[in-house]
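To start, the structure under review is shown below, and the notes come after it.
Owing to the predicted nature of the structure, the values given are computational and were not obtained by experimental measurement. Numbered from 1 within each chain, the chains take letters A, B, ... in sequence-line order.
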Amino acid sequence: KLYHIRYFLDDANGEQQTQESVTIATVRPETILGDTAICVHPDDERYKHLKGRFAFVPLINRKIPIIFDDYVSMEFGTGALKVTPAHDMNDYQLGQKHGLEVVDILTEDGRLNEEAQLYIGDDRFEARKKIAADLEAKGHLIKTEDYTNQLGFSERTDAVVEPRLSLQWWVSMKKLSEPALNAVMNDEIKFYPAKFRNLYRHWMENIRDWCISRQLWWGQQIPAWYAPDGSFQVAESKEKAFAQFKNPNFSIDDLKQDEDCLDTWFSSWLWPFEVFRGFSNPGNEDIKYYYPTNTLVTAPEIIFFWVARMIMSGFEYMKEKPFQEVYFTGIVRDKLGRKMSKQLGNSPDLLGLIDQYGADAVRFGILIASPAGNDLLFDDSSLEQGRNFNNKLWNAMKLVRMWGERVLGFGFRVSGSVGGGSKEISEGNGVSRSDFAVEWFENRLHEVRAELEQQYADFRLSEALKTTYSLIWDDFCSWYLEWVKPASAAQPMDAVVYEKTVAYFDQLLQLLHPFMPFITEEIYHLLKERKQGDDVCIRQYGPIQTADKEITARGELLKQVITAIRDTRVKNNIKSREPIRLHVQTNNEKAYRDVESILLKQVNAESLSFTKDAVPGTVNIVIGKEKFYLETETVLDTTSQKEQLEKDLEYLKGFLITVDKKLGNERFVQNAKPEVVALEQKKRADAEAKIRAIEESLASLSR
RNA sequence: GGACUGCUAGCUCAGUUGGUUCAGAGCAUUACUUUGACAGAGUAGGGGUCGGCGGUUCGAGCCCGCCGCAGUCCACCA
């Protein structure tokens with residue numbers, strides 16, 4: 001309820017109370033006993049005549065000034081505000097500003113005290129009822145109206161919180177904050193993701209002093225001791241405090257320790273060094289080794305409570321930053337973006353999900369969905385992806401094991417040393433080998449590992465998982481294993497290729513292990529007999545070598561060629577069982593000789609030959625500047641390949657137009673950087689060459 | 001109320017100092033093919049006016065301004 005209460009004014013120059021009045025509105029009428037002013041807006045025409053006048057607090061007749069401040073909103077209530085500095089934050093600030101008296105009318109347990117003069121010892125709610133009745137009886141209460149306002153409730157007891165002025169311990173923060181702010185701004189301490197730097201800076205630049213005392217019964221009691229006269233000393237112990245009083249005229253038993261406790265963060269901010277006794281026992285071995293540490297992993301919502309303060313205390317007490325990097329994790333939310341909470345009951349049943357999908361799948365599902373710096377939306381579908389990935393790994397293991405048996409069955413001995421530096425691959429026993437596949441994957445592995453290294457350094461964990469996932473599923477399973485797979489079930493596996501394959505598999509398991517620890521360890525041991533203590537979880541990474549770009553590029557081209565030929569087969573309805581004969585028109589025959597066995601197998605071709613001219617009666621594909629001719633028994637319908645070629649041609653011509661337009665724009669040529677212009681010219685040349693190749697193919701088709 | 005962050009495909013997200021036809025990836029979805037490691041594999045496709053409106057520039061998903069929506073933290077109004 002909102003009470004409208006009339007305060008009578010003094011006469012224009014003095015003492016006497018008059019019938020003239022001003023009406024204020026309040027939801028807490030009992031606090032009028034603590035009023036020390038009435039405040040109105042300086043521009044409010046209704047009250048301008050009140051300048052210099054005084055009002056009398058109803059019932060107790062304390063004379064209080066009328067002040068003017070634009071803090072008051074003219075629209076709310078009557079436009080006049082009663083000021084109670086002791087029991088309202090804003091009123092307190094007004095009081096400070098206007099030099100008002102402070103009258104605290106409440107006791108610690110919410111009853112009225114002597115200062116209130118009335119209802120002494122009554123509970124605040126009891127007093128509210130009584131004063132309302134008394135005000136009405138004395139003609140001060142104009143009216144009441146219903147009003148909903150925001151009240152503070154105790155988190156634990158639900159009691160209504162009444163603001164009350166009290167003495168507290170504070171830490172002055174200005175000096176502490178400066179080195180801590182600088183350290184983050186100049187990247188001496190790095191935040192991941194970096195967006196939190198702005199938040200941090202804003203807080204640090206507007207830092208307020210830190211109130212460290214809490215009115216709690218548990219926690220660390222504040223080590224301050226009071227003498228009977230109210231003076232105090234801060235010390236480690238009562239004895240030391242007593243010693244600090246000069247010429248005390250009281251005994252040590254008269255000292256009384258402060259009853260308040262320290263804010264919980266006041267001990268937490270010492271954590272980085274004091275867990276190693278770095279302050280209380282400076283220079284010990286542990287602190288020298290562990291301080292500063294590398295990385296703090298924590299939640300963004302405690303960036304001020306904890307992170308900022310650890311940085312401040314580190315510089316203050318250790319003269320050194322506490323850590324080099326801070327990684328802020330996201331908050332786990334449900335599919336609808338809501339925080340997980342007990343009240344909503346939307347937390348996932350992790351044990352149930354583990355039963356359903358497997359522990360590694362759950363880990364996978366969570367990690368794949370946690371991009372650096374974003375919240376994590378928890379959704380079952382990503383767990384399914386994790387489960388399928390488990391399955392994929394398992395099947396790849398089964399395949400490789402099968403090959404292993406076949407190698408051994410043919411009398412090969414699998415030696416213990418795998419994956420050494422030797423690039424030379426010994427001659428097998430006449431089976432077709434895939435030297436290129438082995439060489440390609442080796443380089444591909446190094447290439448991806450370098451990529452992963454960077455992603456880990458940037459804390460891009462979900463991307464690192466995606467990269468690993470794709471390396472295993474696409475590069476290893478879809479391409480590499482198919483490339484080294486013997487052409488038929490009857491053919492044995494080459495021993496050297498087999499050993500390399502197992503070694504690559506080992507490395508992949510190792511890369512994946514942090515994300516999926518269980519299945520990787522399991523497969524690691526199923527793949528091969530291991531010595532005691534040879535486990536993925538403690539395996540050391542080998543050095544990352546520079547990948548041979550030439551080889552990885554050839555691998556990419558090979559994939560592209562295989563995909564294009566498969567596409568052509570589908571489009572021309574060539575049955576997958578029917579072998580084709582492949583003719584290649586290229587100026588790099590050796591490159592295709594090297595991958596011949598792979599290419600034949602992957603597109604089901606029975607022969608590969610090179611040609612200088614178009615081969616009549618074949619299907620015709622253009623990849624880059626090279627041409628491929630597919631010879632087949634199937635009756636060909638050239639419409640679809642014409643369509644494809646024309647589509648490509650149209651695309652390229654459109655591309656050429658945009659490039660030409662750009663190069664024809666004088667302002668572009670003048671203003672753009674020279675290398676950008678050169679790039680455009682190269683694009684034009686490339687496009688023109690491709691267009692020529694396609695036009696030739698189209699011409700040979702219609703012949 | 002203040003501040004910070006985000007807004008790109010059905011979903012989750014990339015997009016590095018503005019410069020390839022830049023509009024992408026994964027998952028999901030559709031069609032066809034295949035099924036001899038695969039509760040699968042292969043090939044192709046659909047799907048977005050990059051939150052909105054202005055501006056700067058030869059050129060904007062990217063830079064600037066205003067607005068909208070969402071999230072978070074801080075402060076909290078008689």
Side-chain angles (χ1 to χ4, degrees), chain A residues 2 24-28 31 39 71-73 76-78 80-84 88-91 147 149-150 152 193 195-203 206 208 300-305 331 333 335 337-339 368-377 379 381-382 384-385 387-388 391-403 460 462-463 465-466 469-470 473 477-478 481-482 485 488-489 562-571 573-577 602 651-652 654-659 662 665-673 675-677 679-680 682-684 686-687:
Chain A
L2 195 61
I24 59 88
T26 179
V27 292
R28 294 189 300 160
T31 62
C39 186
Y71 161 73
V72 184
S73 85
F76 188 88
T78 61
L81 166 71
K82 68 192 230 20
V83 183
T84 321
D88 185 284
M89 306 276 285
N90 294 295
D91 288 10
Y147 174 71
N149 72 329
Q150 303 282 337
K195 65 182 184 187
F196 289 114
R197 294 167 82 236
N198 286 339
L199 192 65
Y200 179 85
R201 186 182 61 200
H202 184 259
W203 192 72
N206 298 288
R208 300 185 177 199
E301 56 264 46
I302 54 176
I303 189 166
F304 306 130
F305 291 132
I331 299 168
R333 299 173 174 281
K335 229 188 300 196
R338 301 175 305 181
K339 260 182 166 174
I368 198 83
S370 34
N374 281 5
D375 287 348
L376 192 164
L377 271 74
D379 187 356
S381 71
S382 57
E384 205 174 311
Q385 195 185 347
R387 187 197 53 196
N388 291 344
N391 214 24
K392 187 73 182 178
L393 286 165
W394 190 261
N395 282 307
M397 180 272 290
K398 271 166 57 186
L399 178 69
V400 175
R401 258 176 75 118
M402 208 168 73
W403 290 344
R460 304 171 79 127
S462 68
E463 283 187 56
L465 177 54
K466 280 177 194 163
Y469 173 86
S470 161
W473 196 304
C477 292
S478 297
L481 290 181
E482 295 298 331
K485 184 189 271 183
S488 79
I562 291 168
T563 301
I565 294 176
R566 282 173 176 170
D567 179 35
T568 308
R569 290 189 63 122
V570 169
K571 289 221 169 83
N573 291 317
I574 302 173
K575 290 267 179 301
S576 58
R577 254 169 251 202
Q602 291 276 281
Y651 174 89
L652 283 166
F655 176 70
L656 193 60
I657 288 170
T658 64
V659 175
K662 216 178 231 186
N665 183 340
E666 268 179 47
R667 287 200 281 186
F668 168 74
V669 181
Q670 278 167 9
N671 295 323
K673 280 178 278 185
E675 56 264 35
V676 174
V677 178
L679 193 69
E680 292 298 319
K682 186 179 181 302
K683 284 195 296 194
R684 175 158 68 182
D686 285 351

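Atom-to-atom, CZ of A:Arg387 to C1' of B:rG26 comes out at 17 Å; the value is rounded to the nearest Å. Atom C1' of nucleotide B:rU34 and atom CZ of A:Arg569 are separated by 12 Å, given to the nearest angstrom. In this structure, the CG atom of A:Asn206 is 14 Å from the P atom of B:rG2, given to the nearest Å. Following rounding to the nearest Å, A:Glu463 (CD) and B:rG15 (C1') show an atom-to-atom distance of 10 Å. A straight line from CD1 of A:Ile302 to C1' of B:rU72 spans 14 Å, rounded to a whole angstrom. Atom CZ in A:Arg667 sits about 10 Å away from atom C1' in B:rG59, given to the nearest Å. The distance between atom CD1 of A:Ile657 and atom P of B:rU21, rounded to the nearest whole Å, is 13 Å. Spacing between atom CG of A:Leu399 and atom C1' of B:rA41 amounts to 13 Å, rounded to whole angstrom units.
For B:rG42, neither phosphate oxygen OP1 nor OP2 lies less than 4.0 angstrom from any side-chain nitrogen or oxygen of A:Thr563. In this structure, A:Asn395 does not reach the B:rA41 phosphate: none of its side-chain N or O atoms is under 4.0 Å from OP1 or OP2. Listed pair A:Lys485 / B:rA37 meets the phosphate criterion, a side-chain N or O lying under 4.0 Å from OP1 or OP2. Side-chain N/O atoms of A:Arg566 include none lying less than 4.0 angstrom from OP1 or OP2 on B:rC32. Neither OP1 nor OP2 of B:rA25 sits under 4.0 Å from any side-chain N or O of A:Tyr469. Proximity of A:Trp473 to the phosphate of B:rA41: a side-chain N or O atom is located under 4.0 Å from OP1 or OP2.
Residue-level contact check: A:Phe305 touches the backbone only, with heavy atoms under 4.0 Å from sugar-phosphate atoms and none from bases. Looking at heavy-atom distances under 4.0 Å, A:Asn388 makes contact with sugar-phosphate atoms alone, never a base. Within 4.0 Å (heavy atoms only), A:Asn198 reaches sugar-phosphate atoms of the nucleic acid but no base atom. Heavy atoms of A:Ser478 sit under 4.0 angstrom from primed sugar atoms or phosphate atoms, though from no base atom. When heavy atoms are screened at a 4.0 angstrom cut-off, A:Arg201 is found touching no nucleic acid atom at all. Looking at heavy-atom distances under 4.0 Å, A:Ala25 makes contact with sugar-phosphate atoms alone, never a base.
Side-chain proximity of A:Ala396 to B:rC27, B:rA44, B:rA37: nearest is B:rA37. Among the nucleotides B:rU34, B:rG15, B:rA37, the one closest to the side chain of A:Arg577 is B:rU34.
The minimum heavy-atom distance linking A:Val659 with A:Glu680 is given by the pair CG1-O, 3.4 Å.
In the interface, the side chain of A:Glu482 is paired with the base of B:rA37 through a donor and an acceptor atom under 3.5 Å apart.
Note that CD1 of A:Ile368 is 10.0 Å distant from CD of A:Glu463, once rounded to the nearest 0.5 Å. Separating the CZ atom in A:Arg201 from the CG atom in A:Asn206 is a distance of 10.5 Å, to the nearest 0.5 Å.
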Pairs under 3.5 Å (Watson-Crick or G-U), crossing ones as [ ], inter-strand ones as |: RNA chain B comes out as (((((((..((((.....[....)))).((((((.....)))))).....(((((..]....))))))))))))....
